[in-house]
Amino acid sequence: ELEEALESCIKQHKHKLRREDPVIWLCWLALYQAKAVYPAARGPTIAAQIEKDPFGSVIKKTNPSIEAMVAVHTTREDMYRRLWCPKELFDAIGQRKEIWMAPSAEYTAILVEYFRFWRKFTLDDEEAIRLWADGDSRSNCMSLRVDTERAKCSSPDDDRTIREQIT
């Protein structure tokens, strides 16, 4: 699902690319996280990697090679439930970087299904989107409302640090 979402994103934004080999940020691939699951695993801890501010050092305004941050949406994971993803979106917006959406086909199909559901109750598309956006993000249905306050980190220290940075 990830590969298909990225291919779709590149096709959709190809006309914006300044280079044949674009430099984009994918937060899913940014940190080595094996130690979080297997403490005996080799390699750096998440905390040691975060100390180096990988996202901040890559996405800075002074780095013109970064064309965009890609927000990958799949049905397997809600990116807004992991506190690092909203934090990186917050930082990218602060650095005036474009955010490109990369929804998988399955995710897009579900979005269309929900839109059609809400459209039945309204006179036009904009009203349907407003009604859908007013939905409760805590329900099991796909909502346009995002509640990043409920996002979590596996590490209480990371959680505290991020919340201090973005509030």
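- Minimum interatomic distance between D124 and T122 (heavy atoms only, all atoms of both residues): O-OG1, 3.1 Å.
- The side-chain heavy atoms of V112 and I110, taken from C-beta on, include no pair separated by under 4.5 Å.
- When all heavy atoms of M79 and P86 are compared, the pair lying nearest together is O-CD, 3.8 Å.
- The shortest distance between side-chain heavy atoms of E88 and M69 falls below 4.5 Å.
- One finds the CG atom of L131 at 8.5 Å from the CZ atom of F117 (value rounded to the nearest 0.5 Å).
- With hydrophobic clusters built from ILVMFWY side chains whose heavy atoms lie under 4.5 angstrom apart, F115 shares a cluster with F121.
- Applying the side chain to side chain donor-acceptor pair (under 3.5 Å) test to R130 and every residue at least two apart in sequence or in another chain returns nothing.
- In this structure, the separation between CG on D159 and CD on E164 is 10.0 Å, given to the nearest 0.5 Å.
- Two residues are said to be in side-chain contact when any heavy atoms from C-beta on lie closer than 4.5 Å; V146 and Y80 meet this criterion.
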For F90 and T148, run side chain to side chain contact (heavy atoms under 4.5 Å, CB included): C-alpha distance rounded to whole Å, both residues' side-chain angles, the deciding distance at 0.1 Å, then the answer. CA-CA 11 Å; F90 176 86; T148 57; over 6 Å; no
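- Looking at heavy atoms from C-beta onward, H73 lies in side-chain contact with M101 at the 4.5 angstrom threshold.
- Listed for the S104 side chain is a donor-acceptor partner under 3.5 Å among the backbone atoms of Y107.
- In this structure, D158 has no side chain to side chain donor-acceptor pair (under 3.5 Å) partners at least two apart in sequence or on a different chain.
- A salt bridge links R119 and D125; the closest N-O separation between the charged side-chain nitrogens and carboxylate oxygens is under 4.0 Å.
- Residues satisfying the side chain to side chain donor-acceptor pair (under 3.5 Å) criterion with E127, sequence neighbours excluded, are absent altogether.
- A 4.5 Å side-chain heavy-atom check between C153 and I162 finds at least one atom pair inside the cut-off.
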Checking K152 against L83 for the side chain to side chain contact (heavy atoms under 4.5 Å, CB included) test, could you report, in this order, the C-alpha distance in whole Å, the side-chain angles of both residues, the deciding distance, and whether it holds? CA-CA 5 Å; K152 295 186 179 1; L83 192 54; 5.9 Å; no
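- In this structure a side-chain-to-backbone donor-acceptor pair under 3.5 Å is missing from R163 to T161.
- Here the side chains of W132 and L111 are in contact, with some heavy-atom distance below 4.5 Å.
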